[in-house]
Participant: 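Structure in structure tokens, see below.
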There are 2 protein chains.
Amino acid sequence: MKLIYTGKTKNVFELEDGNYLLKFKDDVTGENGVFDPGANTVGLTLEGAGRAGLSLTKHFFEVLKEQGIPTHYIDANIDEATMTVRPATVFGKGLEVICRYRAVGSFLRRYGLYAEEGQALDAFVEVTLKDDDRQDPPISEDALDMLGILTKAEYAVLKDLTQQIGNVVKAELAKKDIELYDIKFEFGRVGEGKEIVLIDEISGGNMRAYKNGEYIEPLQLEKLMLEA
Amino acid sequence: MKLIYTGKTKNVFELEDGNYLLKFKDDVTGENGVFDPGANTVGLTLEGAGRAGLSLTKHFFEVLKEQGIPTHYIDANIDEATMTVRPATVFGKGLEVICRYRAVGSFLRRYGLYAEEGQALDAFVEVTLKDDDRQDPPISEDALDMLGILTKAEYAVLKDLTQQIGNVVKAELAKKDIELYDIKFEFGRVGEGKEIVLIDEISGGNMRAYKNGEYIEPLQLEKLMLEA
């Protein structure tokens, strides 16, 4: 088993059978000890955060599998905080795809002249480049195509999958009376056919969720979602 | 004649016949005395800048008219540094539409991970909001539509006009062995049919132009373009 990537919240190993093993850490993104799913730095370390994030990820990836939505997921070992996945290649040097149901965070910072805080957004999709040095800039469909990161046909698939998956997560949260405000995903190409599938994770650290108008921290969200 | 808008580089008056009069100032955008077409502040005042900008604007608007590309232009008085135009309403609180032929400026600052300085771009179009407080954020076609600023049909017209006009300006510059790197435009809706037309100006302050690999300042560009 060979370490091939050290990430902010997880490490990636290559297995002998060619699949990848993701090891979830107890680190979550944020700044100055405050969680922020949009941040580029590890803001705090929380005992059990890795296992909790993996548990929720496993739950969502299995729901997506039931619904026939493609992901890289194979299986998970909660005790070890590891997940086995199919190897995927990312678009360019990595993209984040955001699905927004209410105006908060960077959307509001950019478009506050036209949107009020908390205003409903209709599963709005936007793409940002993973580029810490340039604060993850937003990028348009045309620019992705021109720079050779993603074709227009791939963009259409990516946008459609993002809204489908966002809606699945939103519906799952709604079962616990929790409202999804926004969520970010990563996608990659897998296999010889370069099928576009969801990769990485779907945990509290990827989304902003509210209950009775109050923001729910990632660990609390994972607890609420997974309790019987 | 009534002053209805005080801009950074020109003032707008309403005429008795309902048309608008634009009065070009000698102020150009930039920071710390250095010209920057992307800047939100007046960086310097140059004697004759208003008349020079208007002269070049008049030239381009007349070329566009010959080619059947719609603008708000009616006529110009160079001595007075004024231009008479049809009244237009802007999209939302104002947009800038940029057409890029080489990677420089904010494009490079955002996408430097994927583009090299000066790399050729194929009349790439992007839209930014006019919002000084939020540093004129870029905005996607989907967001413009969702926020009610521009419909998808209008976006298609805007993008097509931007590339057509960019190509006209590029070809005009090429006649003087000058290369257009990027240019920004403003558009508005005019008349009862809300036709989308080019508004504002096309002067040195709107574009980055190079000759023999060297950047040409706006006043110098206007001189080179208008000399016999």
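Reminder, nothing fancy here: chain letters follow the sequence lines and each chain counts from 1.
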Participant: Side-chain contact, heavy-atom cut-off 4.5 Å: B:Lys159 with A:Asp142?
Facilitator: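 Contact flag for B:Lys159/A:Asp142 side chains = yes.
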Participant: Answer yes or no: does atom NZ of B:Lys93 have more than 12 heavy-atom neighbours from other residues, nucleotides or ligands under 6.0 Å?
Facilitator: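 More than 12 heavy atoms, drawn from other residues, nucleotides or ligands, come within 6.0 Å of this atom.
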Participant: Only one of B:Ile149, B:Ile139, B:Leu144 forms a side-chain contact (heavy atoms from CB on, under 4.5 Å) with A:Tyr114, so which one is it?
Facilitator: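 For A:Tyr114, the side-chain contact (heavy atoms from CB on, under 4.5 Å) test succeeds with only one of B:Ile149, B:Ile139, B:Leu144, which is B:Ile149.
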Participant: At their closest point, which heavy atom of B:Tyr111 faces which heavy atom of A:Pro138, and how far apart are they?
Facilitator: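 Answer, listing the atom of B:Tyr111 first, then A:Pro138: OH-O, 2.5 Å.
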Participant: Please classify the contact between A:Gln119 and chain B as side chain, backbone, both or neither, with a heavy-atom cut-off of under 4.5 Å.
Facilitator: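 Answer is side chain: those atoms of A:Gln119 sit under 4.5 Å from chain B.
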Participant: Within a reach of under 6.0 Å around NZ of B:Lys152, are more than 12 heavy atoms found that belong to other residues, nucleotides or ligands?
Facilitator: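 Yes.
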Participant: Under a 4.5 Å heavy-atom cut-off, does chain B meet the side chain of A:Leu129, its backbone, both or neither?
Facilitator: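 Only the side chain of A:Leu129 comes within 4.5 Å of chain B.
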Participant: Could you tell me whether A:Asp122 atom CG has more than 12 heavy atoms of other residues or ligands within 6.0 Å of it?
Facilitator: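 It does not: A:Asp122 CG has 12 such atoms or fewer within range.
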Participant: Counting only heavy atoms closer than 4.5 Å, note whether A:Arg109 contacts chain B via side chain, backbone, both or neither.
Facilitator: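 For A:Arg109, backbone heavy atoms alone lie under 4.5 Å from chain B.
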Participant: Tell me whether B:Glu116 at atom CD has more than 12 heavy atoms from other residues, nucleotides or ligands lying less than 6.0 Å away.
Facilitator: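 Count not over threshold, so no.
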Participant: May I ask you to name which of A:Gly92, A:Gly112, A:Ala115 has the most heavy-atom pairs under 4.5 Å with chain B?
Facilitator: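 Greatest number of close heavy-atom pairs with chain B: A:Gly112.
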Participant: Before accepting this row, confirm whether a basic side-chain N of the pair B:Asp131/A:Arg110 lies closer than 4.0 Å to the acidic partner's carboxylate O.
Facilitator: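 No, B:Asp131 and A:Arg110 are not salt-bridged.
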Participant: For B:Ala103, is it the side chain, the backbone, both, or neither that has a heavy atom closer than 4.5 Å to a heavy atom of chain A?
Facilitator: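 It is neither, since no heavy atom gets under 4.5 Å.
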